[in-house]
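What follows is one structure encoded as C-alpha cells, with my remarks underneath.
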Amino acid sequence: MQFLDLVKIFVKSGNGGAGCVSFRREKYIEFGGPDGGDGGDGGSVIVKAVEGLNTLIDFRYKPHHFAKNGSPGMGKQRTGARGKDIVVNVPIGTEILEEDGKTLISVISKKEEAFCLLTGGNGGWGNIRFKSSTNRAPRKANPGEEGEELVVWLRLKLIADVGICGLPNAGKSTFLASNSNAKPKVADYPFTTLRPNLGVVLVDQQELVFADIPGLIEGAHLGRGIGTRFLGHIEKCSILIHLIDGTSKDLKKDYFTLINELEQYGPNLLRKRRVTVLNKIDALDEEKLTQNRMILDSLEEDVHVISNISGAGVQKLLRHINKVFVEIAEVVSKDHQNEEKWNPLRE
C-alpha cells in the first residue's frame with residue numbers, strides 16, 4: 001500500500017428539504033385547512049478516526065465527499081426524512097486544516113473519535129407553520145436551507161512511541177528492520193527511505209511502536225530534502241532516538257545539524273526525551289571508537305553505542321528505551337490523577 005500523509009479534499013453537507021404546501025380534503029372534516037409538513041434536515045459531514053488505517057491514499061482516488069439532501073415535506077403534516085450523514089474515515093492522528101494549509105480546524109487523535117466538520121442545512125417549513133388567525137389558508141412554504149461546502153487538507157501524523165531520526169544513511173531503516181517485522185527499503189546510498197515506516201518492537205514483554213523517519217539534512221525545517229513534510233511525524237513520539245553514523249568525518253557537525261533542525265521546526269521537539277546513539281561501531285577500531293564516544297559524551301549525557309550488523313549494544317539500548325518509556329507513562333498517569341476535577345457547584 002502506498003503511503004500518503006497529505007491530501008486535499010472537497011466536502012459538502014446536504015441541503016435541507018423544501019416545505020410542503022398542502023390542504024386537507026377529508027370528506028367529513030369541515031373547513032379542511034393547511035397540513036403541509038416540514039422538509040427534512042440535510043446530512044452532516046463527520047470525520048472519524050478508525051483503526052487499521054495508516055495512510056490517506058484512498059482520498060487520492062476519491063477527493064469529493066457529499067452528504068445526502070433532506071427529503072421534502074408531504075401532506076398530512078408529514079415531515080421529510082433527514083438526509084444521511086457521510087462519515088469520512090481517517091487514520092488516528094489526522095489533522096484537519098483549512099484550504100490555506102496552515103489554519104488548524106481539528107485533530108482526530110483517539111480511536112473512534114469523531115468531529116462534525118459541516119452541519120446539514122435546515123429543512124424548510126410547510127404551510128401549516130404559517131397558519132394564523134388572519135391567514136387561515138396560507139399558500140406559502142420555505143425552501144430548504146443550502147448545505148455548507150468546504151475544501152480542507154488532511155494531514156497525517158503517525159502515532160508512535162519512539163521516533164528514529166538522523167541524517168541520511170545513519171542506519172535508521174536497518175535498525176528498524178533488524179528489531180521488528182517491518183520491511184523498510186535498505187541500501188547503501190542516501191535518501192533510501194522516502195516515507196515513514198512503522199514497526200512494533202518487543203522489549204521485555206512490552207510492545208513499543210517505532211517510527212523510522214526519512215533522513216533530515218541541513219535546512220530541513222525550511223523544506224529542503226523531504227523537509228517539514230516528515231518532521232511532523234515525530235511530534236507525537238514520546239522518545240526520540242538520535243542516530244549518528246559512527247563513520248562520519250565530522251561527528252559534532254552531524255550532531256548539531258539535527259539538533260538545530262529539530263529546534264527550528266519546533267522547540268517542543270527538543271523537550272522530548274532524547275537518546276543519542278552512535279551506530280556502525282563494527283566499522284571502527286578501538287581508538288576511533290573511544291575518540292567518537294568522548295566527543296558525544298561531551299555533548300550529551302545519554303549516549304549509547306551500537307552496531308546494527310553485529311547487534312552489539314542493541315538489546316541494552318532497547319531496554320533503556322523501555323525503561324524511559326515506562327517512566328514517562330508513570331509521570332503522565334500521575335499528572336492525570338492530580339488534575340483537579342471540575343465541580344459545577346463552584347461556578
Side-chain angles (χ1 to χ4, degrees), residues 1-14 41-69 82-99 101-120 147-164 176 180-184 193-202 206-214 229-239 325 329 332-333 336:
M1 179 184 293
Q2 186 179 354
F3 181 82
L4 188 67
D5 64 343
L6 184 66
V7 68
K8 181 191 282 190
I9 65 171
F10 174 84
V11 292
K12 185 181 185 305
S13 58
D41 294 339
S44 300
V45 178
I46 298 171
V47 182
K48 182 179 180 182
V50 296
E51 276 191 315
L53 289 179
N54 55 14
T55 176
L56 300 172
I57 188 64
D58 292 342
F59 296 100
R60 172 171 288 180
Y61 308 107
K62 188 181 178 183
H64 298 88
H65 300 266
F66 302 91
K68 297 294 184 181
N69 296 331
R82 186 182 186 281
K84 187 176 181 181
D85 297 336
I86 184 169
V87 179
V88 181
N89 291 327
V90 298
I92 299 172
T94 299
E95 292 182 342
I96 306 171
L97 307 171
E98 291 186 5
E99 191 174 4
K102 299 177 181 179
T103 307
L104 181 66
I105 297 175
S106 181
V107 180
I108 314 296
S109 57
K110 298 178 182 178
K111 175 186 173 183
E112 300 299 319
E113 182 179 354
F115 173 73
C116 184
L117 183 57
L118 294 178
T119 304
E148 303 173 296
E149 57 183 50
L150 191 62
V151 175
V152 296
W153 286 94
L154 299 179
R155 181 170 65 188
L156 173 62
K157 292 186 177 179
L158 296 178
I159 304 297
D161 302 316
V162 183
I164 311 170
L176 184 68
S180 71
N181 289 327
K183 303 297 181 185
T193 303
L194 298 177
R195 60 184 180 85
N197 295 291
L198 290 179
V200 178
V201 179
L202 184 64
Q206 173 73 39
E207 290 186 347
L208 297 178
V209 179
F210 280 59
D212 165 27
I213 307 301
R229 182 174 176 184
F230 290 134
L231 265 170
H233 288 293
I234 58 178
E235 289 183 26
K236 303 293 183 180
C237 299
S238 301
I239 305 170
F325 182 77
V332 172
S333 176
H336 284 312

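The structure displayed is predicted, hence computed values, not measured ones.
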* Nearest heavy-atom pair of Asp161 and Glu207: which atoms, and what distance? -> OD2-O, 4.2 Å
* **Residue from Thr55, Leu56, Val50 passing side chain to side chain contact (heavy atoms under 4.5 Å, CB included) with Leu53** => Val50
* With Glu51 via side chain to side chain contact (heavy atoms under 4.5 Å, CB included) - residues at least two apart -> Ile92, Lys111
* Is a side-chain donor or acceptor of Trp153 paired with a backbone partner of Glu99 at a separation under 3.5 angstrom? -> yes
* Would you say Ser13's side chain and Glu148's backbone share a donor-acceptor pair under 3.5 angstrom? -> yes
* To do: Would you confirm whether Thr119, through its side chain, and Ser44, through its main-chain N or O, come within 3.5 Å as a donor-acceptor pair?
  => no
* **Test side chain to side chain donor-acceptor pair (under 3.5 Å) applied to Lys12 - qualifying residues, sequence neighbours left out** => Asn15
* To do: Specify the closest pair of heavy atoms between Asn89 and Phe59, including all atoms of both residues, with the distance to one decimal.
  => O-CZ, 3.3 Å
* To do: Please test Val162 against Phe325 for side chain to side chain contact (heavy atoms under 4.5 Å, CB included), starting from the C-alpha separation and ending with a verdict.
  => CA-CA 9 Å; Val162 183; Phe325 182 77; 5.5 Å; no
* So which heavy atom on Ile96 is nearest to which on Leu104, and how close? -> O-CD1, 3.6 Å
* Asked: Are Ser180 and Val200 side-chain neighbours, meaning at least one heavy-atom pair lies under 4.5 Å?
  -> no
* Asked: Which atom pair, heavy atoms only, marks the closest approach of Lys102 to Leu97?
  -> O-CD2, 4.3 Å
* **Gap separating the CG atom of Leu208 from the SG atom of Cys237, nearest 0.5 angstrom** => 11.5 Å
* Considering non-hydrogen atoms only, spot the tightest contact between Val7 and Arg60 and give its length. => CG2-N, 4.3 Å
